[in-house]
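Heads up: the structure comes next, in structure tokens.
Computed over heavy atoms, backbone and side chain alike; hydrogens, waters and symmetry mates excluded. Lettering of chains follows the sequences in order, A, B, ..., and the numbering in each one begins at 1.
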4 protein chains.
Amino acid sequence: MPQPAVILLTGFEPFGGEAINPSWEVARALDGELVAGSRVVARELPCRFGAAGEAMRQLVAELRPVCVLALGQASGRADFSIERVAINVDDARIPDNGGAQPIDEPVVAEGPAGYFATLPIKAMVAGLRAEGLPASVSQTAGTFVCNHVFYSLMHSLRQHPDVRAGFMHLPLLPAQASRHPGLPCMPLPLMIEGVRQSLHIAATHHGRDTVQAEGQVA
Amino acid sequence: MPQPAVILLTGFEPFGGEAINPSWEVARALDGELVAGSRVVARELPCRFGAAGEAMRQLVAELRPVCVLALGQASGRADFSIERVAINVDDARIPDNGGAQPIDEPVVAEGPAGYFATLPIKAMVAGLRAEGLPASVSQTAGTFVCNHVFYSLMHSLRQHPDVRAGFMHLPLLPAQASRHPGLPCMPLPLMIEGVRQSLHIAATHHGRDTVQAEGQVA
Amino acid sequence: MPQPAVILLTGFEPFGGEAINPSWEVARALDGELVAGSRVVARELPCRFGAAGEAMRQLVAELRPVCVLALGQASGRADFSIERVAINVDDARIPDNGGAQPIDEPVVAEGPAGYFATLPIKAMVAGLRAEGLPASVSQTAGTFVCNHVFYSLMHSLRQHPDVRAGFMHLPLLPAQASRHPGLPCMPLPLMIEGVRQSLHIAATHHGRDTVQAEGQVA
Amino acid sequence: MPQPAVILLTGFEPFGGEAINPSWEVARALDGELVAGSRVVARELPCRFGAAGEAMRQLVAELRPVCVLALGQASGRADFSIERVAINVDDARIPDNGGAQPIDEPVVAEGPAGYFATLPIKAMVAGLRAEGLPASVSQTAGTFVCNHVFYSLMHSLRQHPDVRAGFMHLPLLPAQASRHPGLPCMPLPLMIEGVRQSLHIAATHHGRDTVQAEGQVA
């Protein structure tokens, strides 16, 4: 019997003084699930420049996924925030978990300035909203380890445009927000449901992405 | 057998183009529950100046509650937002559900400028956070029907300082936020849990409120 | 020859790690000016609970102004922010300049919960906007020394409803904002012009305040 | 006598219901000025997809500038907001001035996903702040005509890495913000001063850009 195709779903270890990272909690909750006939394989990434990108490249080489969704935590964001573009720069406001704080260094030397996600990001946003789940397209994944992993992922797949890959930021969990008054949050079951739906859309949407304005004036 | 004491919990009908109001969804979910030996009685209020305040006054007179928590929807807020003070003014940016749009009219003619909540608001915030639930003290309940009801409530209890009463704003539900990209939300089960906890703290906290800074510089 | 009537204009000393406070810079720039036939008298207040309120009471008693505008700095606000209501509570997130950090103490023991400004706040907002200056009504002056002074001012004038009095928050100056990336600012000349216009409106607007919705839903 | 080198400074015509665009007001105020020995040449661009990019390409070809700064209006931003990266996508939330509303179309067919500004953006931010002017690096120029022009500019200079080029967003003017309560603004003289300083830094900073963290976690 043939093995099902693999959907790689990554999350990060905690960082920035937090004891938990919702991205990994969501990923591991979905590990092993079948989504549209494909098997979700969840992996945790270190929150370290270099090591995280390298881990992603190895996972892609090893697992040969048909779809990759990397998840990350975005303190201050309120919804399923699907990234449009990864850029070739590390510019860290705070040190990563290994103490490194690169400033204006490329993720990949000689790599292009940016890569667009190859996920159907508009279809994902539209599909989540149709289920009553809050979602939006983000025009920047920042310049920290999340963007680093996103760029590394897209670079490693640059010869494989058929593999749908991209990045989604998640809000804080309620327990995290309880220590940062005023910041939005989302409980874990809702996150899991939204990511499950997102993977389903990513795996089943065919052809060109949905045409729906999700841009930003400035 | 004596009847248990009554905790009055109110919510509003939908307004502002919404088909649902989380405040009433939460209230009705808790209707009839026993909290620290008291019975929760849930009632829905109209989103209309005048009528909502009158309804609140009648409920207080009829039910003689030992505790009152009025709930309202606050688009844009992210947590359990416990109001500190009600002010004696109606100033409506949008018409209420009856088409009225009072501007700079008193809630109660000749009433004082403001009333403080008599709930242990700091203990409630501290208690919610200790359970991993996001909460904060708000310094303004606005000038729409929520503040109108809050002021009417406190005015009707001005001779009964032993009755603990106040107002809590809730975020949008996820399905509402899915139509207002970028706004924070909270799913109903989490809202219900937080309000249940809040009622428990309000009903069981004795003596002076917890001393914990929750102010705002400006 | 009779002395012109007095308009009292106060500002604060710097606080919160700043070397300058725009509120005092504006006040002193207008000291001595004639506005609609009245003389502006500028005074600097300490950023200390108790002392600032006491200083305000003494200034009112000594100068017998026909109009009082107290100015304060509001990091994060973007326009001429005219306060609607002062509340009877000190709740300090940070220590004041004397190291005091009162929590949930009344500004005036046995004082009422709140006082409304007696300035024509809607006329001021409308007038400023008509001159192309950004302005809004604020529903909370916070719970720090600004609110403390505002409440003290209104309490000291409670028997003199004919004296128009209130509070306006100002944004940071550009040099301050240059050290707090992302926060709005306003240069001093624009602030001075807006406060001058505000005093003119406050001194010349007669009868009931302009009726214009400037409320907040929540 | 040799002609001085040219610094091209562009601004946009008004859009989005505004009667004025600060970007062009600033540019035309600096037209003809000498900055570090170079001549500022100001040009107004249409707020139209396609036409604006084409105009920029022609200006670069015609004027052969040593430095290009394109300016744009960013409602909601508070400071001199220097863009890091242009991306190859048009995604318009609102129609442009010609009624076009492209969604997910490339700025340049077959162009790379992104281009980094070649201005010394960190030195510019640091230099502005040192003068007490509020400035920051922005990680996204949006997906409207501003990004379209920025991308077109960088694409037209892709073979000329010696030409320093980039984009800066400016806040609303006070008169604009007076009609959009709560939005930050900056008066024209301050904008002019900040752009003048920026051009000076761009023209005189040599070698590698200043190393200073201005990144964003997410």
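Here D:P174 is the residue among D:P181, D:G182, D:P174 with the most heavy-atom pairs under 4.5 Å with chain C. Ranked by heavy-atom pairs under 4.5 Å with chain C, the first of D:A175, D:S136, D:P171 is D:A175. Of the listed residues D:E131, D:H180, D:E214, D:R129, the one with more heavy-atom pairs under 4.5 angstrom with chain C than any other is D:R129. Among C:A78, C:P187, C:G132, the residue making the largest number of heavy-atom pairs under 4.5 Å with chain D is C:G132.
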Working for ring pair (Phe, Tyr, Trp, His ring centres under 6.0 Å), residues D:H169 and D:F167 = CA-CA 7 Å; D:H169 270 112; D:F167 198 97; 4.8 Å; yes

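Salt-bridge check for D:E33 with D:R28: failed, with every basic side-chain N at 4.0 Å or more from each acidic carboxylate O.
The part of D:L133 that comes within reach of chain C is its backbone (N, CA, C, O), which places non-hydrogen atoms under 4.5 angstrom from that chain. With a threshold of 4.5 angstrom between heavy atoms, D:L183 approaches chain C through N, CA, C or O but not through any side-chain atom.
Remark: aromatic rings of D:F144 and D:F49 are close, center separation under 6.0 Å.
Within the 3.5 Å criterion, the main-chain N or O of C:I121 finds a donor-acceptor partner in the side chain of C:D209.
For C:E13 and C:N21, the side-chain atoms include no donor-acceptor pair closer than 3.5 Å.
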